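Read the structure below first, then the notes.
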Number of protein chains: 2
Amino acid sequence: MRRVPAGRPTIKDIAHESGVSESAVSFALNGRPGVSEATRARVRRVADRLGWRPSAAARALSGEGPATVGLVLARPASTLGVESFFLQLVSGIQEVLSLRRFGLLFQVVEDLDAECDAYRRWWAEHRVDGVLVVDPRADDPRPPLLDELGLPAVVIGSLPPGDDGTGHPGIANLWADDAGAMAGIVDHLDALGHRRIAHVAGLPELAHTRRRIASLRAEAERRGIEAHSHTTDYSDTEGVRTTRRVLDSAAPPTAIVYDNDVLAVAGLGVAAERGIPVPVALSIVAWDDSVLCRSTHPALTALVRDTTAFGRRAAEELFALLDGGPARRVEDALPHLLERGSTASAP
Amino acid sequence: MRRVPAGRPTIKDIAHESGVSESAVSFALNGRPGVSEATRARVRRVADRLGWRPSAAARALSGEGPATVGLVLARPASTLGVESFFLQLVSGIQEVLSLRRFGLLFQVVEDLDAECDAYRRWWAEHRVDGVLVVDPRADDPRPPLLDELGLPAVVIGSLPPGDDGTGHPGIANLWADDAGAMAGIVDHLDALGHRRIAHVAGLPELAHTRRRIASLRAEAERRGIEAHSHTTDYSDTEGVRTTRRVLDSAAPPTAIVYDNDVLAVAGLGVAAERGIPVPVALSIVAWDDSVLCRSTHPALTALVRDTTAFGRRAAEELFALLDGGPARRVEDALPHLLERGSTASAP
DNA sequence: CGTGTGCGCTGAAGCGCTTGAGTGCGGAGC
DNA sequence: GCTCCGCACTCAAGCGCTTCAGCGCACACG
C-alpha cells in the first residue's frame with residue numbers, strides 16, 4: 001500500500017494516483033461537467049484516502065476568492081467584553097459559514113477609522129470575499145466605502161431614521177424593528193400605569209439608538225406620557241451616573257428602559273444602593289436578554305430576540321450577495337418582551 | 001499623470017512604473033539586500049503612490065504562510081457571550097497581530113471535537129500559521145494533535161496539575177498562577193476571620209478549575225479552614241442552584257468564591273432573594289473582574305488581572321515561535337485581589 | 001591589461017489551483 | 001466510408017508573489 005505523501009497532498013498527487021490529469025481532478029472534485037461519473041468517483045475516492053483539502057491560498061489566487069468573511073467590532077476597550085449580543089451573533093454567523101467552509105476573519109478595533117482601515121486592508125490584500133457590518137450609525141462612512149471598494153457587505157441592524165438603505169446598491173441590510181420593539185415596551189409600561197418613563201440609551205451616533213429614541217418620543221406623545229432619553233457610552237459607569245441623575249430629578253420616573261443588559265444591571269445596582277424597591281417603586285426593562293438579566297434579583301424583564309438566528313440570517317444574506325443576488329433589505333423577526341420580576345404596576 | 005490601474009495594483013505594475021524587474025520590487029519592498037538604497041526608495045515611493053498591498057493569497061502560496069493566526073472558542077451556546085474575559089483577550093491579541101499585519105481567524109464551536117476539526121481543516125487548507133489555544137484541560141487532546149500536525153501553538157492558561165507542559169515540544173504555554181491566586185484569596189478571607197469557605201467553580205475538566213480546587217484544599221487544610229469546591233458549567237442557572245444548595249447546608253459558609261463574574265452575580269442574586277445581607281452575613285469574591293462586578297450593589301471584590309496584556313503576551317509568544325524560537329513556558333503576572341464592598345469580617 | 005570579486009539587478013521556475021483552448025476517439029448521420 | 005459532432009480528457013497559461021541561479025558591470029588588485 002502506497003504511503004500518503006508527507007505534507008499536505010495536492011491535486012497533483014491525486015492526479016498521479018488516479019492516472020488522470022490535474023485538470024480532470026479539478027473538474028471532478030468541483031463537480032463540474034467534463035469528466036465521466038466513473039472517473040469522478042475514482043478521483044473522489046483517492047482524494048478522500050489521501051485526506052486532500054483544497055489550499056485556500058491557491059484557490060484565492062486563482063480567482064475563486066479566499067472563502068472568508070470579515071467582521072470588525074469597533075469598540076473602545078472600556079466597553080468591551082460584556083455584551084451578550086456579540087458572541088451569540090458570531091455563533092449564528094458561523095453556523096452558516098461553516099456549511100460552505102468559509103472562515104471568519106475577525107478584528108476588534110478602537111474606532112470607526114480603524115474599522116475602515118481594516119476593510120481597506122482586507123480588500124487590498126484579497127483577504128475576504130465580503131464583510132458583515134455591525135452597529136450602523138448616522139452618516140455612516142462604511143457603506144459608501146464598501147460600495148467604492150466593491151466589497152459585498154451586509155449591514156446588520158436598523159438604519160438611521162430617514163435612511164431607507166437604497167443609497168448604496170451593493171450593500172444589503174438586515175434590520176431589526178427597533179421602533180416597533182420600543183413601541184411594544186411603551187405599550188407594556190403604559191398598561192401598567194406608568195406615566196413617567198426614562199430611557200437610558202446607548203451611543204447617540206448609533207442608528208438603532210436614534211430609532212429607539214424617536215420611537216419612544218412618538219409613542220409617549222401619542223399617549224400623553226412623559227418620557228426622556230439619555231444617551232450613554234454603554235459603560236456601567238455612565239449607566240450608574242445617568243440612573244442617579246434621573247432618579248434625582250424633581251419628578252423621577254417610575255420606569256426605566258435600558259438599552260442593554262449591562263446598563264440595566266448597573267441601574268438595578270443604583271436602585272439597591274438607594275433602597276428603592278424594584279419593582280414596587282421602580283420598574284426596569286432591559287433591551288436584550290442575557291444570562292445577566294436572569295441572574296439578578298429581581299430578574300429583569302427583558303426584550304428577547306434570537307440573536308443567533310439573527311447572525312444566521314445575516315450570513316445567509318451575505319452568501320446570497322456573493323452568489324450574485326441583489327442587495328436586499330430584509331427585516332428580522334420582531335423581538336418580544338419577556339416579563340420577569342422587574343416590572344410591575346406604577347406606584 | 002498616469003492613472004492608477006483599475007483593481008488592485010500588483011508588483012508587476014510597480015515594476016513597470018519604476019523601470020525595474022518584479023524581483024527587484026519584491027526585494028525592495030521586503031527589505032532584503034540586493035537592491036541599492038536609491039532603487040529601494042524609488043520602488044517604495046511608487047508602491048505607496050499606487051496604494052499597493054501584498055496579496056495575502058499570493059504570499060501564502062509562495063511559502064510565506066498566510067499571515068494568519070487561528071483561535072477557536074469551544075463553548076456550548078448556553079454559556080456563550082457574557083464572559084468578559086474573552087473579548088478582552090482577543091483585543092490584546094490583535095494589538096500584537098496588527099503590528100505584523102496578521103489576521104485573526106476566529107471560530108466558535110460547540111465542543112472539543114469540533115475544535116480539533118477546525119485545527120485540522122485550517123492546517124490542511126493552509127489557512128493559518130499557528131493557533132492560540134484557550135481553556136486547557138485534563139487529558140487535553142489538542143496539544144498532541146497540534147504537535148502531530150506541526151502547527152505552532154500557544155496554550156493560554158495554566159496546565160492541569162501534574163502536567164509541566166514538557167510533553168509537547170512544539171507547543172508553548174502562557175500560564176497564570178491559579179494556585180497562587182487562590183492562595184491569595186484564602187489569605188484574605190482567613191485574615192477576615194472566615195472559617196467556612198465555599199468555592200463555586202467552573203467546568204471540572206478545565207485545567208485551571210482543577211488547579212484552583214487543589215490549591216483551595218491545600219490552603220484550607222494548612223490553616224484549619226473548612227472549604228469545599230462545587231463545579232458548575234459556568235451557567236447562571238447552575239450558579240444559582242449551587243449557591244442555594246451551599247447556603248442550605250447544615251453549616252453554611254460565611255464566604256463564597258466564584259470562578260467567574262457571571263457566577264458571582266448569580267450568587268449575589270440568590271443572597272438578595274433570601275435577604276442575606278452581603279457582606280455582613282456573607283462575603284463574596286469573584287474571579288475575574290469586569291463591568292459586572294462594578295455594577296452590582298454591593299460591588300464585588302474581585303480578582304483582577306490584565307486580560308488584554310495576557311492576550312498581548314500570548315500573541316508575542318506565538319510570534320516568537322513562528323520566528324523559530326523555542327516553545328517556552330512563560331508565567332504571566334500574578335493577579336491581585338481588589339477589595340470592594342462584597343467582603344467583610346466573618347459574622 | 002587580464003583576472004577576480006561583489007554589487008545590483010534580471011529571468012525563470014514554482015507555490016496549488018482554475019480554466020479556456022485544444023486533442024483524440026467512438027458513434028451518429030448521410 | 002467519410003464527415004461531423006460531442007464527450008472525456010489533456011495542455012498550458014495564469015493568478016501575485018518569492019527565490020535562486022545567473023549575468024553584466026565597475027572596481028580593485030596583481
Side-chain angles (χ1 to χ4, degrees), chain A residues 5-44 46-47 50-68 101 121-127 129, chain B residues 5-44 46-47 50-68 101 121-127 129:
Chain A
R8 281 140 278 198
T10 72
I11 54 168
K12 183 183 285 181
D13 298 317
I14 302 177
H16 238 201
E17 193 98 349
S18 47
V20 291
S21 73
E22 292 181 35
S23 359
V25 172
S26 177
F27 287 146
L29 294 174
N30 290 317
R32 46 184 81 204
V35 284
S36 66
E37 278 315 310
T39 308
R40 193 187 299 281
R42 185 156 40 88
V43 168
R44 282 230 174 94
V46 173
L50 297 182
W52 176 86
R53 290 295 180 80
S55 150
R59 275 242 164 104
L61 194 54
S62 47
E64 280 295 273
T68 304
R101 306 195 162 285
R121 212 178 62 233
W122 283 346
W123 173 80
E125 296 179 357
H126 275 275
R127 270 182 180 276
D129 296 293
Chain B
R8 280 139 277 199
T10 72
I11 54 168
K12 183 183 283 179
D13 298 316
I14 302 177
H16 240 199
E17 193 97 348
S18 47
V20 293
S21 72
E22 290 182 35
S23 359
V25 172
S26 178
F27 288 144
L29 294 174
N30 290 318
R32 43 186 81 202
V35 282
S36 67
E37 278 315 310
T39 308
R40 192 186 300 280
R42 186 157 39 89
V43 168
R44 282 230 176 93
V46 173
L50 298 183
W52 176 85
R53 290 295 181 79
S55 150
R59 275 241 164 104
L61 193 53
S62 48
E64 280 294 274
T68 304
R101 307 194 161 287
R121 213 180 59 234
W122 283 347
W123 173 79
E125 295 179 358
H126 274 276
R127 270 182 181 275
D129 296 292

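Model, not experiment: these values are computed from the prediction. Lettering follows sequence order; numbering is per chain, from 1.
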Out of [options], which has the shortest distance to the side chain of [X]?
{"X": "B:Asn30", "options": "C:dG16, D:dG16, D:dT18", "value": "D:dT18"}
{"X": "A:Ser23", "options": "D:dC9, C:dT19, C:dG11", "value": "C:dT19"}
{"X": "A:Ser62", "options": "D:dC17, C:dG16, C:dG20", "value": "C:dG16"}

Would you mind classifying the nucleic acid contact of [X] as base, sugar-phosphate or nothing, using non-hydrogen atoms under 4.0 angstrom?
{"X": "B:Ser55", "result": "sugar-phosphate"}
{"X": "A:Val25", "result": "nothing"}
{"X": "B:Pro54", "result": "sugar-phosphate"}
{"X": "A:Arg32", "result": "sugar-phosphate"}
{"X": "A:Ser26", "result": "base"}

[X] [atom1] to [N] [atom2]: how many Å, rounded?
{"X": "A:Lys12", "N": "C:dC17", "atom1": "NZ", "atom2": "P", "value": "10 Å"}
{"X": "B:Glu22", "N": "D:dG16", "atom1": "CD", "atom2": "P", "value": "10 Å"}
{"X": "B:Trp123", "N": "C:dG16", "atom1": "CH2", "atom2": "P", "value": "12 Å"}
{"X": "A:Arg59", "N": "D:dG14", "atom1": "CZ", "atom2": "P", "value": "22 Å"}
{"X": "A:Leu61", "N": "C:dG16", "atom1": "CG", "atom2": "P", "value": "12 Å"}
{"X": "B:Trp52", "N": "D:dG16", "atom1": "CH2", "atom2": "C1'", "value": "9 Å"}
{"X": "B:Arg8", "N": "D:dG16", "atom1": "CZ", "atom2": "C1'", "value": "12 Å"}
{"X": "B:Phe27", "N": "C:dC9", "atom1": "CZ", "atom2": "P", "value": "11 Å"}

Could you check whether any side-chain heavy atom of [X] comes within less than 4.5 Å of a side-chain heavy atom of [Y], counting everything from C-beta outward?
{"X": "B:Leu29", "Y": "B:Ile14", "result": "yes"}
{"X": "B:Thr39", "Y": "B:Arg42", "result": "yes"}
{"X": "B:Asp13", "Y": "B:Leu50", "result": "yes"}
{"X": "A:Arg8", "Y": "A:Arg53", "result": "no"}
{"X": "B:Val20", "Y": "B:Val35", "result": "no"}

- Residue pair A:Ala58/B:Ala24 against DNA chain C: nearer the 5' end by closest nucleotide is B:Ala24
- Item | B:Ser36 vs C:dC9: side-chain N/O to OP1/OP2 distance below 4.0 Å | yes
